[in-house]
J.: 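The structure under discussion is supplied below as structure tokens; questions concerning it will follow.
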Amino acid sequence: MKSPPKTRRTGDSQRSLFGEILDWMLAPLLFVWPISIALTHYFANNVAAFPYDQALRGHVSAISRQLKFVGGKPAINLPGSARAVIRADEIDTVYFHVYTRQGRLLAGDKDFPPPADLGSAIAEPGEIYFRDDELNGQELRVAYSFLNDAGMAPEQWVLVEVGETLEKRAQLANKIIASVIIPQFIIIPLAVVLVWFGLTKGLQPLTRLRETIEARQSADLSPISNRRVPEELEPLIGAFNAMLERMKRNVDAQQRFIADAAHQMRTPLAGLKTQAQLAQRESNPRQLQNSLRQIATGVDRASRLVNQLLTLVRTEAGDQLHQKQEPLDLDQLLRETVEDWVMRAMERRIDLGFETSGPAIIRGNAFLLREMVNNLIDNALRYTPGGGQVTARVVGHGDFAILEVEDSGIGISEEQAELVFERFYRVDDAGTEGSGLGLAIVREIADQHRAAASLGPNPRGKGAIARVIFPAWYDSTAVGQEVKPV
Ligand SMILES: Nc1ncnc2c1ncn2[C@@H]1O[C@H](COP(=O)(O)OP(=O)(O)OP(=O)(O)O)[C@@H](O)[C@H]1O
Ligand SMILES: [Mg+2]
């Protein structure tokens, strides 16, 4: 039996809770049932044996009473009526015999042989004992007793035995078993139905919770109330509400970001429009050329802003291209990226240098790391006046690889150093153009690499130093060996 079709799903991944609980309750029941049948069988046999054993005992006593010792010799006189009473059984065959210990049959059935240990059996004379035996392939229950006269040696005792087949006992035992097991066929299905019913009732809070969630508006991120909810569900609702809270913060941040981005786009677009209107009115070809050049610069600036926005959004969303991380040499990546900036540095008369101290292996995404380095070098060149110096390097520090871009430019105050990582935040007197997204991108990429990015005054003098501290990568298959560049 499984749960109602509405909540039931096929496949491994989606098991219904209802079905799960039911299975876990019924499976042990199926296991316990055979045990209960076996126990019933055992006890029923014991109970059924008792009254018939008593009857056998009665027969042994009756025969014993007929045995007399005359002058130390046993003599028995069993009237035919007594034999008839003993044998009178409609269902089972009853055997009896009286033997001396020497093996002489005094009375009873010849074809009911005496026990093999007739001469040696140890017993209390007069006591009645029981044993299980077999005769002609049929099981027998035998009651027996040794009889003696006062002062008689054990070798002279007389054995009285009455045995009967087990048919009556089996019939009674079967009746007992049936009377216990047949009601179970009714009670167990009834119990299953009641458990089913109980479970349906017990799981109702879950259904109610599902309905509450289903009924929600998609924009409603307010917490779910945990009033009238069983305490087992409270942690689930707590976790769910925490997730809603995070989502709400995210959505708020996204909305702020879109608003900021739109605002930022408006300024360069408005500038472009003014320049275009001016150019329209221009009749002097040289002035016109000049206006068009300004428009082209404006378009460059706007497209840089759009690119920055796209990079930030894609990095945050962590699309597949940006998510794939593998071991790489940060030193080599930095060298290649610095090379791309050499021309630009020369144009600005800045001495752009690269210092190496050997390979530094980290786990990362080459595309994103280049984007990060580009932004740091762009800043260093942008905020350093002509004639200055910019140096990029990676220093290995045991468990860390530290990327540094140091410049001799306008520098940054301690207070501004943290603020500049916020989106669209720019230091007012920086003078040059920019959208304030570069360092936000740097931080986002650092976060995705479990790295820490910071900017601060250059301790070696003028200017600023940007630092990103990465965890070093070790080849886990070569523990204890030297780091292997890949
Ligand atoms: N190397 C540096 N030296 C001094 N100030 C810096 C340096 N790097 C960044 N800043 C300050 O931090 C601010 C934010 O930098 P960020 O790179 O985020 O934006 P941006 O350079 O203004 O614009 P863009 O998005 O085009 O890079 C800059 O406006 C600048 O004032
Ligand atoms: Mg920048």
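Counting convention: from 1, in listed order, for ligands and their atoms alike.
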J.: Is Glu339 paired with Arg335 through a side-chain N to carboxylate O contact shorter than 4.0 Å?
T.: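 Result for this pair is no, no salt bridge flagged.
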J.: Under the ring pair (Phe, Tyr, Trp, His ring centres under 6.0 Å) criterion, do Phe354 and Trp341 qualify, and how do the steps go?
T.: CA-CA 11 Å; Phe354 167 74; Trp341 287 90; over 10 Å; no
J.: I need the contact type for Ser435 against ligand 1. Using non-hydrogen atoms and a strict under-4.0 Å cut-off, is it side chain, backbone, both or neither?
T.: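 Near ligand 1, Ser435 shows its backbone as well as its side chain.
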J.: With respect to Gln308, determine whether any N or O atom, backbone or side chain, lies less than 3.5 Å from an N or O atom of ligand 1.
T.: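 Checking ligand 1 against Gln308, an N or O pair does fall under 3.5 Å apart.
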J.: Quick one: which ligand 1 atoms are inside 4.0 Å of a heavy atom on Val427?
T.: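 Answer for ligand 1: 29 (O), 31 (O).
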J.: Against heavy atoms of Gly411, which atoms of ligand 1 measure under 4.0 Å?
T.: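 Every atom of ligand 1 under 4.0 Å from some heavy atom of Gly411: 4 (C), 5 (N).
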J.: With rounding to the nearest 0.5 angstrom, report the CD to OG1 distance, Glu406 to Thr391.
T.: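 It comes to 5.5 Å.
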J.: Looking at Glu326 and Lys324, does any basic side-chain N land under 4.0 Å from a carboxylate oxygen?
T.: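 Yes, charged N to carboxylate O under 4.0 Å.
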J.: Under a 4.0 Å heavy-atom limit, does Phe421 contact ligand 1 with its side chain, its backbone, both, or neither?
T.: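 Within the 4.0 Å criterion, Phe421 makes no contact with ligand 1.
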J.: Just so I know, are the side chains of Ile402 and Val468 near enough to count as touching, which here means a heavy-atom distance under 4.5 Å?
T.: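 In short, these two side chains do not touch, never coming nearer than 4.5 Å.
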J.: Considering only heavy atoms, does Asp407 approach ligand 1 within less than 4.0 Å through its side chain, its backbone, both, or neither?
T.: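 Under 4.0 Å from ligand 1, Asp407 contributes side-chain atoms alone.
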J.: Roughly how far apart are Asn365 CG and Thr315 OG1, rounded to 0.5 Å?
T.: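 The CG atom of Asn365 sits 9.0 Å away from the OG1 atom of Thr315.
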J.: Please determine if Ile410 has a nitrogen or oxygen closer than 3.5 Å to a nitrogen or oxygen of ligand 1.
T.: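 It does not: no N or O of Ile410 is found under 3.5 Å from an N or O of ligand 1.
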J.: Atom CD1 of Ile445 and atom CG of Asn375: how far apart are they, to the nearest 0.5 Å?
T.: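 If I round to the nearest 0.5 Å, the distance is 7.0 Å.
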J.: Give the C-alpha distance, both sets of side-chain angles, the deciding distance and a yes or no for salt bridge (Lys or Arg N to Asp or Glu O under 4.0 Å) between Arg141 and Asp53.
T.: CA-CA 8 Å; Arg141 180 74 170 160; Asp53 278 357; 2.9 Å; yes
J.: With atoms numbered from 1 as shown, which atoms in ligand 1 lie under 4.0 angstrom from a non-hydrogen atom of Gly436?
T.: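 Answer for ligand 1: 18 (O), 19 (O), 20 (P), 22 (O), 23 (O), 24 (P), 25 (O).
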J.: Regarding Arg370 and Asp340, does a basic nitrogen lie under 4.0 Å from an acidic carboxylate oxygen?
T.: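 Salt bridge: no.
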J.: I'd like to know: is the Mg ion (ligand 2) within the 2.8 Å range of an N/O/S atom from Asn379, strictly under that distance?
T.: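 Yes, Asn379 qualifies, because one of its backbone or side-chain N, O or S atoms lies under 2.8 Å.
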J.: Would Gly438 count as being in polar contact with ligand 1, using the rule that some N or O on each side must be under 3.5 angstrom apart?
T.: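 For ligand 1, there is an N or O atom that lies under 3.5 Å from one belonging to Gly438.
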J.: For Arg304, is the nearest heavy atom under 4.0 Å from an atom of ligand 1?
T.: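 Yes, that is the case, since the closest heavy atom of the residue is under 4.0 Å from the ligand.
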J.: What atoms in ligand 1 come closer than 4.0 Å to a heavy atom of Gly434?
T.: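 Here the atoms of ligand 1 in question are 23 (O), 26 (O).
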J.: Quick one: does Ala440 get an N or O within less than 3.5 Å of an N or O on ligand 1?
T.: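 Among all N and O atoms of Ala440, none is under 3.5 Å from an N or O of ligand 1.
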J.: Check each atom of ligand 1 against the heavy atoms of Ala464 and keep those under 4.0 Å away; list them by number with element.
T.: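 With Ala464 as reference, the close atoms of ligand 1 come out as 3 (N).
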